[in-house]
Amino acid sequence: MRQQYKTDENPAPQYDHKVRMQMRNSLTLDGDTVHELMHSDTPYVVRIKMPENETVSFNDMIRGEVSFNTSVVDDKVLLKADGMPTYHLAVVVDDHLMEISHAFRGEEWLPSAPVHILLWKYLFGEDKMPQWAHFPLILGPHGKLSKRDGAKYGFPVFAMNWKDPKTGELTEGFKEKGFLPEAFINLLAVLGWNDGTEQELFSIGEMIERFSMDRVHSAGAKFDYEKARWFNQEWIRKLDAAALSSKVRNVLAANGIEVTDAALLNKVIDLVKDRCTLLTDFYEQSSYFFATPQAVDLAAIQPKWNEAKTLFFQEVIRNYQLSAIWEAHDLENNFKEIAAANQLKPGEVMLPLRIMLVGGKFGPGVFDIAQLIGKEETIKRIENTLKRLTAGH
RNA sequence: GCCGCGUUGGUCAAGGGGUUAAGACGCAUCCCUUUCACGGAUGAAUCACGGGUUCGAUUCCCGUACGCGGUACCA
């Protein structure tokens, strides 16, 4: 039938009052035939018969009054030929049985609202009908965010990893990407809602307290991954080391670093968390606290290396070997004194020290790092790098 | 095609007849920092269009355009 009525003007013909009397159904067949057909093996479906020219209107909590003319909504199938109900019948019955007071769903359901409302009236009367709200859609770069598109936008669309049962294709979720649940919920909540103030960061408790339906937008919101990352960064900063530790531990473990010292881990987290946007960033931001860096950016210091610096670092090693207390502040003072004594500006040797300890040009204060990795490891890293720097000379 | 819902900077958005039209993300420049971040300052950038209504529309009304959604014996 679809084919028969399909035209260029109307690519999606409806089964409605205009065509139903031309179809072979219980309306056009006589009672006996219908009865006979139903009791033989002839497959059939049950449809809702939409009234011909009535207006169905309802009050949507987000959009206000919404109305449809029943002439343009089709006779939806309620019971399929295999005996299973369609969603349209199922939601209405289910919501009724569960005594649902508020039916909130996405805007993509708005066009089928008249079917559900009429069905509800026919089946259960109007008094216990839930209040309706159709939330704005979350849009991707090209329309509604959908499963099918998977990771093609370059950002996750699922809360957690999702494996397509048909193709076996794995789509990385927000969780695995390194998002905190606090951040994920927060960023979703403010996509289409705000509390009227300038606040954007909300804990779950605050959201429960502040959320109100009349501040929900009716227009769809395009998802901005950069802003999503910002929310996560803010939440990493907001949470303390204790709240972060088990997640960071997992990130490190996934990269082959088993943390045995919980106190050390917490100190490291406090030191580097300002530099992390995703939880996964904790690996590169903190691996050098737990393992000697493999890749050392010698190129950053080699060109300006000279004999004086070699002598300087050898003196630093001697000095550090003798120091009884191992505390960032003292290490820094000693380092600077030795530099002055060698006619070197601190700036000339600070970066080399960082490269030696960290491997690259990043990370928190270099003496804080030295303090945490300890005397033995600090000296070892300086010695090793020194060897490589002077190997050619 | 038809039906519905929308439209304030690139994105999220406040506001709602008279405003220098908030703020955030991102971007740019600068400051701070002997690294990278954080932070601070400054800047560029917005009311889709056309008609009404009005002394006055970004705001109210109507059209148009555009976007999105729906149009399955899917949900």
Side-chain angles (χ1 to χ4, degrees), chain A residues 2 6-16 18 43-47 60 62-64 66-74 76-91 105-115 134-144 147 187 190-201 215 217-231 233-234 237 271-277 281 284-285 297 300-301 332 335-336 339 345-355 357-358 360-366 369:
Chain A
R2 300 271 167 199
K6 202 163 174 173
T7 61
D8 283 346
E9 265 84 66
N10 186 359
Q14 300 200 116
Y15 192 116
D16 59 18
K18 282 181 295 223
Y44 64 93
V45 300
V46 177
R47 289 176 180 270
D60 185 283
I62 294 168
R63 291 147 218 281
V66 177
S67 46
F68 295 84
N69 186 309
T70 53
S71 296
V72 297
V73 353
D74 63 349
K76 287 276 183 233
V77 171
L78 263 21
L79 225 40
K80 301 191 259 183
D82 63 4
M84 288 293 285
T86 60
Y87 171 81
H88 302 296
L89 212 213
V91 248
R105 53 201 341 191
E107 193 188 346
E108 73 265 39
W109 288 109
L110 201 45
S112 45
V115 177
H134 292 88
F135 278 80
L137 261 17
I138 297 174
L139 274 12
H142 313 289
K144 183 172 77 160
K147 301 178 218 241
L187 70 91
V190 297
L191 217 47
W193 169 82
N194 72 83
D195 80 336
T197 71
E198 285 182 9
Q199 184 173 347
E200 292 193 275
L201 261 20
R215 291 202 64 89
H217 269 243
S218 46
K222 209 171 279 180
F223 180 72
D224 181 358
Y225 187 55
E226 284 306 316
K227 184 125 189 194
R229 286 165 51 84
W230 175 79
F231 275 106
Q233 182 182 359
E234 290 296 316
R237 279 156 52 75
L271 229 37
V272 306
K273 67 179 193 166
D274 277 3
R275 276 152 247 264
C276 297
T277 301
D281 293 338
E284 62 169 13
Q285 289 297 334
D297 185 9
I301 49 175
E332 180 169 359
F335 186 88
K336 286 182 173 169
K345 285 183 225 155
E348 293 179 84
V349 282
M350 291 276 272
L351 183 64
L353 178 61
R354 170 174 298 281
I355 300 289
L357 300 187
V358 175
K361 292 194 269 187
F362 61 94
V366 70
I369 296 168

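Keep in mind that what you see is a predicted model, and the values were worked out from it rather than measured. By convention in this document, chain letters (A, B, ...) are assigned in the order of the sequence lines, proteins followed by strands, and residues within each chain are numbered from 1.
Taking 4.0 angstrom as the limit, A/Gln233 places a side-chain polar atom (N or O) nearer than this to OP1 or OP2 of B/C38. In this model, the phosphate group of B/A14 is approached by a side-chain N or O of A/Asn194 to a distance below 4.0 Å at OP1 or OP2. Residue A/Lys76 has no polar side-chain atom (N or O) positioned under 4.0 Å from OP1 or OP2 of B/C73.
Residue A/Lys222 places its side chain closer to B/C12 than to any other of B/C68, B/G15, B/C12. Listed nucleotides: B/C25, B/U71, B/G23. Nearest to the side chain of A/Glu198: B/G23. Taking every side-chain heavy atom of A/Ala12 into account, B/U71 is the closest of B/C12, B/U71, B/C5. Here the nucleotide nearest the side chain of A/Ala219, chosen from B/U7, B/C68, B/C12, is B/U7. Minimum atom distance to the side chain of A/Ala221 is reached by B/C12, of the listed B/C12, B/G4, B/C38. Side-chain proximity of A/Asp74 to the nucleotides B/U71, B/G26, B/C68 is greatest for B/U71. Among the nucleotides B/G6, B/G70, B/G1, the one closest to the side chain of A/Pro11 is B/G1. Each of B/C74, B/C5, B/C25 was ranked by its minimum atom distance to the side chain of A/Arg63; first place goes to B/C5. Comparing B/G4, B/A75, B/A14 by their nearest atom to the side chain of A/Phe68 picks out B/G4. Of all nucleotides listed (B/C74, B/C25, B/C2), B/C2 comes nearest to the side chain of A/Val72.
A/Val66 comes within contact range of the sugar-phosphate backbone alone, with a heavy-atom separation under 4.0 Å but no base atom that close. As judged by a 4.0 angstrom heavy-atom cut-off over every strand, A/Val190 is placed among residues touching the sugar-phosphate backbone only. Residue A/Arg105 is out of contact with every strand shown, counting any heavy-atom pair closer than 4.0 Å. Residue A/His134 is classed as having no contact, given no heavy-atom separation below 4.0 Å to the nucleic acid. Among the protein residues, A/Arg229 comes within range of no part of the nucleic acid, since none of its heavy atoms lies under 4.0 Å from any strand.
Along RNA chain B, the nucleotide nearest to A/Tyr87 and the one nearest to A/Ile62 differ in position, and the one closer to the 5' end is contacted by A/Ile62.
Glycosidic conformation of B/C38: syn, with the torsion inside 90° of 0.
For B/U58 and B/U42, the P atoms lie 29 Å apart once the distance is rounded to whole Å. Separation of the C1' atoms belonging to B/U11 and B/U46 is 12 Å when rounded to the nearest angstrom.
When all heavy atoms of A/Trp193 and A/Arg215 are compared, the closest pair comes out as CD1-O, 3.5 Å.
Atom pair A/Asp274:CG and B/G39:C1' shows a separation of 10 Å (rounding to whole Å applied). In this structure, the CG atom of A/Asp281 is 11 Å from the C1' atom of B/A37, given to the nearest Å.
Here the CG atom belonging to A/Leu201 is positioned 5.0 Å from the CH2 atom belonging to A/Trp230, to the nearest 0.5 angstrom.
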Are there any protein N/O atoms within less than 3.5 Å of an N/O atom in nucleotides 41-47 of chain B, and if so, which ones and at what distance?
none

At a cut-off of 3.5 Å, list every protein nitrogen or oxygen paired with a nitrogen or oxygen from nucleotides 31-36 of chain B, distance to 0.1 Å.
unit_1: B/U34; atom_1: N3; unit_2: A/Gly347; atom_2: N; d: 3.1
unit_1: B/U35; atom_1: O2'; unit_2: A/Lys361; atom_2: O; d: 2.9
unit_1: B/U35; atom_1: N1; unit_2: A/Arg354; atom_2: NE; d: 3.3
unit_1: B/U35; atom_1: O2; unit_2: A/Arg354; atom_2: NE; d: 3.3
unit_1: B/U35; atom_1: O2; unit_2: A/Arg354; atom_2: NH1; d: 3.0
unit_1: B/U35; atom_1: O2; unit_2: A/Phe362; atom_2: N; d: 3.4
unit_1: B/U35; atom_1: O2; unit_2: A/Phe362; atom_2: O; d: 3.3
unit_1: B/U35; atom_1: O2; unit_2: A/Gly363; atom_2: N; d: 3.4
unit_1: B/U35; atom_1: O2; unit_2: A/Gly363; atom_2: O; d: 3.3
unit_1: B/U35; atom_1: N3; unit_2: A/Arg354; atom_2: NH1; d: 3.4
unit_1: B/U35; atom_1: N3; unit_2: A/Arg354; atom_2: NH2; d: 2.9
unit_1: B/U35; atom_1: N3; unit_2: A/Gly363; atom_2: O; d: 2.5
unit_1: B/U35; atom_1: O4; unit_2: A/Gly363; atom_2: O; d: 3.4
unit_1: B/C36; atom_1: O4'; unit_2: A/Lys361; atom_2: O; d: 3.1
unit_1: B/C36; atom_1: O2; unit_2: A/Arg275; atom_2: NH1; d: 2.2
unit_1: B/C36; atom_1: N3; unit_2: A/Arg275; atom_2: NH1; d: 2.3

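Each of A/Val358, A/Ile369, A/Asp274 was scored for a side-chain contact (heavy atoms from CB on, under 4.5 Å) with A/Pro364, with one residue passing: A/Ile369.
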